[in-house]
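Each chain gets a letter, A, B and so on, in the order its sequence line appears, and its residues count up from 1.
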Protein chains: 2
Amino acid sequence: MAKSPAPYNIHDYDVPLTTVDSVLFTVHDEKLKVLLVQRGNAPFAGKWGLPGGFIEQGTDVDLEMCAIRKLKEKTGIAPPYIEQLLSQGGASRDPRGWSVTIVFYALVAHVNCEPHIDSVTDVQWREVSALSAKDLAFDHGQIIQLAHERLQQKALYSIVPAYALPNEFTFTELQALHEVIIGTTLEKKSFRRRIEKAELLIDTGKSTVARGRPAKLYKVKPEGRAYRFVRNLES
Amino acid sequence: MAKSPAPYNIHDYDVPLTTVDSVLFTVHDEKLKVLLVQRGNAPFAGKWGLPGGFIEQGTDVDLEMCAIRKLKEKTGIAPPYIEQLLSQGGASRDPRGWSVTIVFYALVAHVNCEPHIDSVTDVQWREVSALSAKDLAFDHGQIIQLAHERLQQKALYSIVPAYALPNEFTFTELQALHEVIIGTTLEKKSFRRRIEKAELLIDTGKSTVARGRPAKLYKVKPEGRAYRFVRNLES
DNA sequence: TTAGATAGTGTCTTATCGCCACTTATGCGT
DNA sequence: ACGCATAAGTGGCGATAAGACACTATCTAA
């Protein structure tokens, strides 16, 4: 327990193996998907797990920046939305010993990272409803389920899921997205009333051109990003 | 980056100084209070901070159990309610280097730990509204504020604050507690409607004896503890 | 010009919430 | 013993919000 102030030695403390992982969601083909990475090293080599890893003490200024760095490496871009989910830690979740993971969940538009992901083989979008916890590394199956439940709450009470859409989107697209996340249909009028009351969207003035009546295009208000925002990809 | 499976050496990894801290709330004299501990060692020796510390890898099975152990050491009992708040981590929050703290918040009835705390000098209940962030160790002032905000949400939408009361309590006591937490008054009828609809309380059949009409005594349903519960102190 | 398709609105009904007065049940002072 | 002060608990009205669903609006394609 000798403790000289300046020279800090990690061996003075009973410190667990600490990592940062993220559950990155997107929606494609009307299905909710999550980004998984095939592990190259033990433990769980060859299995698929969440993107993440060790903190780089010289690079990462805080936990969120660490999570963003890892996601950027795997997808090519920083996600427009990220938030801390929870931390899991215990003696038995990693065969190497006591470990802790700080988990974030994040959203990204599928189109914005498709090219980068298509170019590698060890990173894939996987449908959430088709995942089996026992096929995943560590306790990542359970963590994904927790993240999904949190995202479902967000879909019911906020417009956070909008960050899984391109910058400009229609009301109908947003509703369809929310429906995919929560797994049921929503009333059109009620949905619109709720979103309008929140006043978190800006009418861009533009409209879609397609079969049927044109739909107004909206984007998320910058102030709507009261939660910590990451990077502004809009013009 | 050499990685032999079995022998695990902490120095192979860039691991931060990881600790577990808790924000333990109670209510006494119609004021919301939080448990603080005076630090004996550097950094911030002499300053007051949250109860917590390093994980004991041989003792603690997971993060929550670690938090409970620390609280038991300081108060003499395990809190009837505890939940993870968030994790803070960064390069500059601890002068010793990159550090992470996993923070829990918890509730306890003041009467249940008063004797133990009165017997020591380095543990105190401190009024939340009278705290100044700059007088506290690390970023603990900011963390307490976040915990308070979370508790306020719980007071508006759940009966979690009930765990800061003795096992049996009246509706009026519960309402007064919620009012202290959120800092405003609540409508009696609306409050009762909300609590009754949730069906999380059991009528004990007993009543108070005092001036005025006797009040029914309730306790929290065991199933009301859908959130992870800690220890059942009731008979 | 019209049918089909999709966007967006009007409006009735139903549930919920804030509000406040009223009733109920006790202790206590005289 | 009686009524008054005190605190618990309820009734009920009007405002607001939420669900349901038919209706209108505006485009493309043939």
- Message: Check this one for me: any side-chain N or O of Ser190(A) less than 4.0 Å away from OP1 or OP2 of dG19(D)?
- Response: yes
- Tell me which of Arg194(A) and Ala210(A) sits closer to the 5' end of DNA chain D, going by the nucleotide each one is nearest to. Arg194(A)
- Message: Without decimals, in angstroms, what is the distance between Ile195(B) CD1 and dG9(D) P?
- Response: 13 Å
- Message: For Phe169(A) and Tyr218(A): C-alpha separation, side-chain torsions, deciding distance, then whether ring pair (Phe, Tyr, Trp, His ring centres under 6.0 Å) applies.
- Response: CA-CA 5 Å; Phe169(A) 52 87; Tyr218(A) 295 87; 7.4 Å; no
- Any donor-acceptor pair under 3.5 Å between the side chain of Lys189(B) and the base of dG18(C)? no
- Query: Are any of the side-chain heavy atoms of Leu35(B) and Gln124(B) separated by less than 4.5 Å?
  - Reply: no
- Message: Just the rounded figure in Å: distance from P of dG9(D) to CG of Leu174(B).
- Response: 12 Å
- Separation of dA25(D) C1' from Phe171(A) CZ (nearest whole Å): 17 Å
- Here the distance between atom P of dT10(D) and atom NZ of Lys188(B), to the nearest Å, is 10 Å
- In whole angstroms, how far is the P atom of dA7(D) from the CZ atom of Arg211(B)? 7 Å
- Message: If I take atom CG in residue Leu186(B) and atom C1' in nucleotide dC20(C), what distance separates them, rounded to the nearest angstrom?
- Response: 16 Å
- Message: For dG4(C), does the base pair up with any side-chain atom of Arg213(A) as donor and acceptor (N or O, under 3.5 Å, distance only)?
- Response: no
- Quick one: is dG9(D) close enough that its OP1 or OP2 comes under 4.0 Å of any side-chain N or O from Arg192(B)? yes
- Quick note, Arg193(A) side chain, CB onward, closest among dG9(D), dG12(D), dT11(C) is dT11(C)
- Rounded to whole angstrom units, what separation is found between the CD atom of Gln175(B) and the P atom of dG9(D)? 11 Å
- From CD of Glu187(A) across to C1' of dA22(D) the rounded distance in Å is 12 Å
- Validation row: Trp125(A), Leu24(A) side chains within 4.5 angstrom (heavy atoms): yes
- Item | Other residues, nucleotides, ligands: >12 heavy atoms within 6.0 Å of Lys31(B) NZ | yes
